[in-house]
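The next block holds one structure in the form of structure tokens; read it before the comments.
Note: hydrogens, waters and symmetry copies are ignored here, and every other heavy atom, side chains too, is used. Naming convention: chains lettered A, B, ... in sequence-line order (proteins, then strands); numbering from 1 in each chain.
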Number of protein chains: 2
Amino acid sequence: MSPKHEHLKKKIREIKNYPTAGISFKDITPLLEDKQSFREAVEGIANFFKEKQVDKIVGIESRGFLFASSVAYLLNTGVVMVRKKDKLPSQKILREHSLEYGNGSLEMHTDSVVPGEKIVVIDDVLATGGTAEAAIKLTEQLGGQIVGTGFLIELPLGGREKLKQYSIYSLIQY
Amino acid sequence: MSPKHEHLKKKIREIKNYPTAGISFKDITPLLEDKQSFREAVEGIANFFKEKQVDKIVGIESRGFLFASSVAYLLNTGVVMVRKKDKLPSQKILREHSLEYGNGSLEMHTDSVVPGEKIVVIDDVLATGGTAEAAIKLTEQLGGQIVGTGFLIELPLGGREKLKQYSIYSLIQY
């Protein structure tokens, strides 16, 4: 929650009335496509968790994968996929959740997390916190220990309150 | 096409009759979740392209994002999302293509690639080559120069023949 990365906002494109009227969507594609900004973002998120002895990063499909995998690489951990319903091929658990606009279901393979492993959940945007909470609960159901959650962008839509019992890091706040 | 990474096959889980009868699906989740294997895979793909002065990595939704972003980080490039239809929020181009099982449509933002940029297209699996070809054509339509394509896994389903005019790297071959 420092203003250090505030300048990255100029690489976030705001799209009015998307996906529905009244929403100003934060499009992260210009940031991803700019090598310095992408690098700063990934290193900024990884840096926050580097002393935590993280075992695995849980990434939320699909934009979350972009940050989860590079943060996992930097922290020298494995990366676990949390995917939308019916995408994972093996034995799995499911959790339903609310989204900023609508509802969703997320799944995780039952062998993706070993009890006691230290886990960081990563997504691109923290909005209501429903998606991240679902990924956290799936992780905890398998015995994983959540050491924190990391996001590129944090929107003032209740996510920080919903996840208040966890350590939350966001690079850019609106 | 060297057997150097052949040992990573033990981290690929084969799932019989998924997603349809007669298909033996290659599940990459155990590889992703094992930190040494994940690291070896990402570094192996990046290493192949490191002398090519790549400007951007194009990653194909959604498992492709996991390799595209970490390879982009290693090569110090930006990463471009190619997404399924109706997922990208800004001005875009679309390409329809065939899949190993079924059909699909992929989209790319029109400002994601600048004419003359050197691009590597990354996905998790090369099967028929239809998906990668669509991402290549989208890139070329915007004036990008394809310097190659990289995959974790290559299946003998015609992809190498379909993409024969391009430089193809796969870490593991079946």
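- Counted within 6.0 Å of NZ on A:Lys26, heavy atoms from surrounding residues, nucleotides or ligands total more than 12; the atom is thus considered enclosed.
- Judged by distance alone, the side chains of B:Ser70 and A:Ser70 never bring a donor and an acceptor atom under 3.5 Å apart.
- The 12-atom threshold is not exceeded at NZ of B:Lys52, counting heavy atoms of other residues, nucleotides or ligands nearer than 6.0 Å.
- Between A:Leu66 and B:Ser69, the shortest heavy-atom distance links the atoms O-OG, 2.7 Å.
- Only the backbone of B:Thr77 comes within contact range of chain A, with at least one heavy atom under 4.5 Å from a heavy atom of that chain.
- Looking at A:Phe38, only its side chain comes within 4.5 Å of chain B, counting heavy atoms on both sides.
- Taking 4.0 Å as the cut-off between side-chain N and carboxylate O, A:Asp34 and B:Lys56 do not count as a salt-bridged pair.
- The hydrophobic clustering, which links ILVMFWY residues whose side-chain heavy atoms are closer than 4.5 Å, places A:Tyr169 and A:Tyr174 together.
- If you tally non-hydrogen atom pairs under 4.5 Å between each of A:Ile57, A:Val71, A:Thr29 and chain B, the highest count goes to A:Thr29.
- Of the listed residues (B:Gly78, B:Ser112, B:Pro89), the one with the most heavy-atom contacts under 4.5 Å to chain A is B:Pro89.
- In this structure, chain A has a heavy atom under 4.5 Å from the side chain of B:Val42, while its backbone stays farther away.
- To the nearest 0.5 Å, the span separating CD on B:Glu33 from CE on A:Met81 amounts to 7.5 Å.
- Proximity of B:Arg39 to A:Asn76: side-chain heavy atoms (C-beta onward) are separated by under 4.5 Å at one or more points.
- Put simply, the side chain of B:Asp27 reaches to within 4.5 Å of the side chain of A:His109, judged on heavy atoms.
- Looking at B:Glu43, the atoms closer than 4.5 Å to chain A (heavy atoms on both sides) all sit in the side chain, from C-beta outward.
- In the model, B:Ser62 has no side-chain atom that pairs as donor or acceptor with a side-chain atom of A:Arg63 under 3.5 Å.
- With respect to chain B, the highest number of heavy-atom pairs below 4.5 Å among A:Leu32, A:Asp86, A:Asp111 belongs to A:Leu32.
- Hydrophobic cluster membership differs between B:Leu94 and B:Val58, with clusters built from Ile, Leu, Val, Met, Phe, Trp and Tyr side chains linked at under 4.5 angstrom.
- Residue A:Lys11 qualifies as open at atom NZ: its count of foreign heavy atoms under 6.0 Å is 12 or below.
- Interface residue B:Glu61: only side-chain heavy atoms are found under 4.5 Å from chain A.
- In this structure, B:Tyr73 and A:Tyr73 have tilted ring planes: the angle between them lies in the 30° to 60° band.
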